[in-house]
Amino acid sequence: MARKKSSSDLNQQIEHRTRELGEQIWGHLERREPTMFEKRWWDDRILSWAMADESVKVQMFRFVDVLPMLSSHESIVRHLQEYFEDVRKHLPWAARIGLELSQPNSVLGRALALNARSNARRMASRFIAGSSVEEVHYTVDRLRSENFAFTLDLLGEAVISEVEAEAYLQSYLDLIAGLAPRVKKWSENVQLDWDSQGHLPRTNVSIKLSALCSQFKPTDPVGTMAAVQPRLRTLLRHAMKYDAYLHVDMEQNSYKPLTLEIFKQTLMEKEFRDFDNVGIVIQAYQPAAEQDLKDLLKWVKKRKTPIWIRLVKGAYWDYETIVSGYRNWPIPVFQEKWESDANYEKLTIVLLENHQWLRPAFGSHNLRSLAHAIAAAHELDVPPSAYEIQMLYGMGKEQAQVFAELGHRVRIYTPFGELIPGMAYLVRRLLENTSNDSFLRQSFTEHVNLETLMMNPSEHAKSATKQKPAEETDGFRNEPLTDFSLEESRTKMLAALEEVEDQFGKEYPLLINGRAIDTKATITSRNPSHMTESLGTVSSASADDAIDAIDAARRAFPSWSRTEPQYRAEYLELIAANMRRRRFELAAWIVYECGKPWEEADGDVVEAIDFCMYYANQMRHLAHPQHCDVPGEENVYFYRARGTVAVIAPWNFPLAILTGMTVASLVTGNTVVMKPAEQSSIVAAKLMDLIHESGVPDGVVNFLPGIGEEVGPELVGSPDVEMITFTGSRDVGLAINESASDTDTRQKMVKRVIAEMGGKNAIIVDDDADLDEAVLGVIHSAFNYAGQKCSACSRVIVLESIHDTFVSRLVEATKSLKIGPAEDPGTVVGPVIDEEAKQRILEYIEIGKEEATLALACDTSDLADEGYYIGPHIFTDVDSTCQIAQEEIFGPVLSVIKAEDFDEAITIANDTPYALTAGVFSRSPAHLNKARMEIVAGNIYLNRNITGAMVERHPFGGFKMSGIGSKTGGPDYLLQFLVPVNVTENTMRRGFAPDAAAEDDEEE
């Protein structure tokens, strides 16, 4: 009986065999490079030139990406000149001269445009198999004749509406039904048509589950499954009927858990449990991939029917790295290429050892990775027919031919669809083909030696000197948002919602000078999602209570203002720590009291934490006196607190804005009377609890909930209030400013007013914009949280040439949004805050019907008796001077305005009394620069949504009628709460002065 090989012996034999195979395959490849008489040789020269200069590469790929939206030769030439202006000196002389001499409307310009489009189309046709059914049939016939199998992947626009999701499904149904009878007529090919377990379907397609549903939300796995599974079942039944194979592709990491769960749940159903012509992707660049594979193995044994696993490195590395860095989340992919390569080899062994359950398909163009897979299979006695090699259409054809000639089944991943919408795929493939770590680049372009290419990834591990992450400094870092794609996060949020629901009905007193005060008058807080549901009662302050609160703050001021800034900053950090500890509870209260959906509520808490930490950090810097000394004179510039601050906050950011205004006052040494909005008084009470828990002395912060009309005049008019900070409507803000400017003879300081007063914000959609991004950006900005943000988009200004296409997609995508109660994780559009707000918005909708064309009114009649619901409304044919285009509505109402050109779009955007936020979707560098210079707004967002400002990154605030004062979360916000003082001392006595440097040394 033969002794079983040890793990060490096996690895050595696999390594030896891998290198032998690598040399053998490399020898074949060296004799097969394309010649200059082949089109691909010239394509490779273009790629080689692009790779030589990173700046040229970036601009070239950006141009390829925008090209589908350029409908005229003038726009093509203009974009060529804009994109390559900064890198002109890096271009070949012929290209440089062409750009310099061409004018958009000249003969040379037209020739340049024609050449650019034809070259891009030719390049696209290399990577995209066809745009029509006939072309796809021709391609798969050709692949078959070349001894390759195929899998087809439909390209196109992002699925952003249910209409598009249905179209995606129907395209695959038609493809399978049309292709299956054709391929059935092919002659038998044992190498392609059979594996170790039997006959293989010739029709093979790859799908993305996110394209089966316009609202694929990891936050809402139950709702997403309910939307995806019926369409997936339809596809599976179709595949079974036509003897086709169905493969599920993997996308970004946040979609992975849900994709795997939908896949497993659906295939465990009795109808599909025995279906084995199905598979899914595992991405080796994820450290979690091994556990994913083990979970699938355990599941498939329970199912008792094998599946295929396509093992790839992963195509979203840049996306995952950038997004994780932006959100301060752990990066879910390996940071070094050799780590992904090593994991690929590790997972290869796992698959081959379990090939009867998890049938391996090795997707790669890396010679080392594929040689290792074949070697491992040989040493583990796995027959070649039990696995297959998969490669991308248009890449590494010579390599694919070698593997096919060696007797391996090679399947070509074959994208098809319109060449123009498929450009985004083309750019991804070009980037992959030209990355610094690309095997194709290293082997064919840079002629790296075989020894380097075939190096065992573990050798890299021994020699690699991992760069350590930068040490955390004492500077500010944004608090990460909750990742609701993680089951743990969803579980915590659901538990918090249940716990908070158990607290309904409590009473919340005023808190003045540390003393709880119950009042006869109360405010009943109601859930806007369920208007009959009472959340609790809050004491309602009177004018006398306001006087008492101001007096308490005034008396606490001397001691608090003399507290060391370092200690005041530490109080803010304690408040932030308490918020982190209770973040899900706080988010749950925001969901219930203000109707904010999960992610919006979580963002509210995160921003509150950020305000605490950022202002604490800022105050530490401001606390250092500035010196400007000369011989015989010392000058010190420092800051003092103003006095008592009245904080008057809104309900739409019930924790974040109230916290920001309050802690800015605190850390600068001022004392506070905190007046929250009536609608969000319980959330404010929770903030008061956090402040109290942190140990802030009595009287420094006084909690004064109440009716604005009753306590507001006392807060604004009191001679003992030195500063008012307000966020709310324009009318109230202007009234506060006017009242505060009326000087009382008893007051000792001119009142300072900070007021954020809303906006009428516009997004411009240029004629070269990425419409997938633009539609989603506008929807997110206009309708998330039912449009109840001062930064929300209420006008979208669309260039005439793309207006109809944009509006059509916008309307259909908006129809797909889920309207419902905020506690439902699938909800995008929740209720408006109360009956008064609902009636005001409905009045504007009636005005809009008279002024413009109602293109969409989402029906909420089934929710009418439940809460304060208004569905998204979209008006078209809106004149920029209309009432609905000029006045802030504060609800889910969007006006679409047509502009002839970009200049007119900017003019329209600027033509309101407000100047808060604005956005532009454009891929013209010149237009983006023009927007920077000419759009009148405090926050300008380019190629992204215009809501969701983050502390420090996006200091927030506007001017004109949008606000008074500097930006919240910015470097000069705290200065408004401080009075600068300069002390000058004459240090000269009898003709001599102390040596300042010597004094400093003595102090040290």
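At least one donor-acceptor pair under 3.5 Å links the side chain of Thr968 to the backbone N or O of Phe956. No donor-acceptor pair under 3.5 Å is formed between the side chain of Asp610 and the backbone N or O of Val951. Side chain of Lys675 to main chain of Pro705: no donor-acceptor pair is present (N/O by atom type, distance under 3.5 Å, no hydrogens or angles). The closest donor-acceptor contact from the side chain of His238 to the backbone of Leu173 lies under 3.5 Å. In terms of modelled atom types and a separation under 3.5 Å, the side chain of Thr234 and the main chain of Pro230 share a donor-acceptor contact. Although no hydrogens or angles enter the test, the distance criterion places a donor-acceptor pair under 3.5 Å between the side chain of His954 and the main chain of Met950. Judged by distance alone, the side chain of Asp220 and the main-chain N or O of Pro825 form no donor-acceptor pair under 3.5 Å. Looking only at distances, a side-chain donor or acceptor of Thr519 sits under 3.5 Å from a matching main-chain atom of Ala521. With Ser962 contributing its side chain and Gly758 its backbone, the two residues share a donor-acceptor pair below 3.5 Å. One N or O on the side chain of Ser489 and one on the backbone of Asp483 form a donor-acceptor pair closer than 3.5 Å.
Note: Ile609 CD1 to Asn478 CG = 11.0 Å, rounded to the nearest 0.5 Å. Ile847 contributes atom CD1, which lies 8.0 Å from atom CD1 of Ile889 (distance to the nearest 0.5 angstrom). Going from atom CG of Asp879 over to atom CD1 of Ile897 covers 8.0 Å, rounded to the nearest 0.5 Å. A distance of 11.5 Å separates CZ in Arg809 from OG1 in Thr814, rounded to the nearest 0.5 Å. Between the CE atom in Met531 and the CZ atom in Arg526 there is a gap of 10.0 Å [rounded to 0.5 Å]. Separation of atoms CE (Met961) and CG (Leu734) is listed at 5.5 Å; rounding is to 0.5 Å.
Lys815 and Glu812 make their closest contact through NZ-OE2, 3.1 Å (heavy atoms, listed as atom of the first residue, atom of the second, distance). Between Leu916 and Gly957, the shortest heavy-atom contact is CD1-C, 3.7 Å. Considering all non-hydrogen atoms of both residues, Ala852 and Ile884 come closest at CB-CD1, 4.4 Å.
A 6.0 Å sphere centred on CD of Glu487 holds no more than 12 heavy atoms belonging to other residues, nucleotides or ligands. More than 12 heavy-atom neighbours from other residues, nucleotides or ligands sit within 6.0 angstrom of CG on Asp502. Heavy atoms from other residues, nucleotides or ligands lying under 6.0 Å from CD of Glu507 number 12 at most.
Aromatic ring centres of Phe890 and Trp651: separated by under 6.0 Å. With ring centers used as reference points, Phe504 lies under 6.0 Å from Tyr592.
No side-chain donor-acceptor contact under 3.5 Å links Thr917 and Asn939. A donor and an acceptor atom, one from each side chain of Thr912 and Gln886, are nowhere located under 3.5 Å apart. Of the N and O atoms on the side chains of Thr219 and Glu599, at least one donor lies less than 3.5 Å from an acceptor on the other residue. Remark: the Arg490 side chain and the Ser485 side chain contain no N/O donor-acceptor pair separated by less than 3.5 Å. Under 3.5 Å, the side chains of Glu162 and Ser816 contain no donor-acceptor pair of N or O atoms. Between the side chains of Ser680 and Glu593, no donor-acceptor pair is found at a separation under 3.5 Å. In summary, the side chains of Glu835 and Gln839 do present a donor paired with an acceptor at a separation below 3.5 Å, with no hydrogens or angles considered.
The residues Glu479 and Arg583 are annotated as salt-bridged, a charged nitrogen and a carboxylate oxygen being separated by less than 4.0 angstrom. Residues Asp824 and Lys818 are paired through a salt bridge, judged by an N-O separation under 4.0 Å between the basic side chain and the carboxylate.
Partner Asn784 forms a side-chain contact (heavy atoms from CB on, under 4.5 Å) with one of Asn945, Thr947, Leu817, Val828 and no other, that one being Val828.
With contacts defined as side-chain heavy-atom distances shorter than 4.5 Å, the pair Asn761/Arg795 does not qualify.
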Legend entry - Check against salt bridge (Lys or Arg N to Asp or Glu O under 4.0 Å), Lys256 and Glu251: CA-CA 7 Å; Lys256 184 187 72 173; Glu251 301 171 76; over 6 Å; no
Inset, instruction - Show the numbers, then the answer: is there a salt bridge (Lys or Arg N to Asp or Glu O under 4.0 Å) between Arg231 and Glu166? - result: CA-CA 8 Å; Arg231 290 172 179 151; Glu166 280 291 343; 3.1 Å; yes
Inset, instruction - Using the salt bridge (Lys or Arg N to Asp or Glu O under 4.0 Å) rule, take Arg840 and Glu843 through it: C-alpha gap first, then chi angles, then the decisive distance, then the call. - result: CA-CA 5 Å; Arg840 185 171 60 250; Glu843 287 173 11; over 6 Å; no
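At least one test fails for Arg233 against the ring of Phe272: distance under 6.0 Å to the centre or angle within 45° of the axis.
The aromatic rings of Phe484 and Phe584 sit perpendicular, their planes meeting at an angle over 60°, well past the 30° parallel limit.
Residue pairs meeting the ring-ring contact (aromatic ring centres under 6.0 Å, His included) criterion with at least one member in residues 858-879: none, sequence neighbours excluded.
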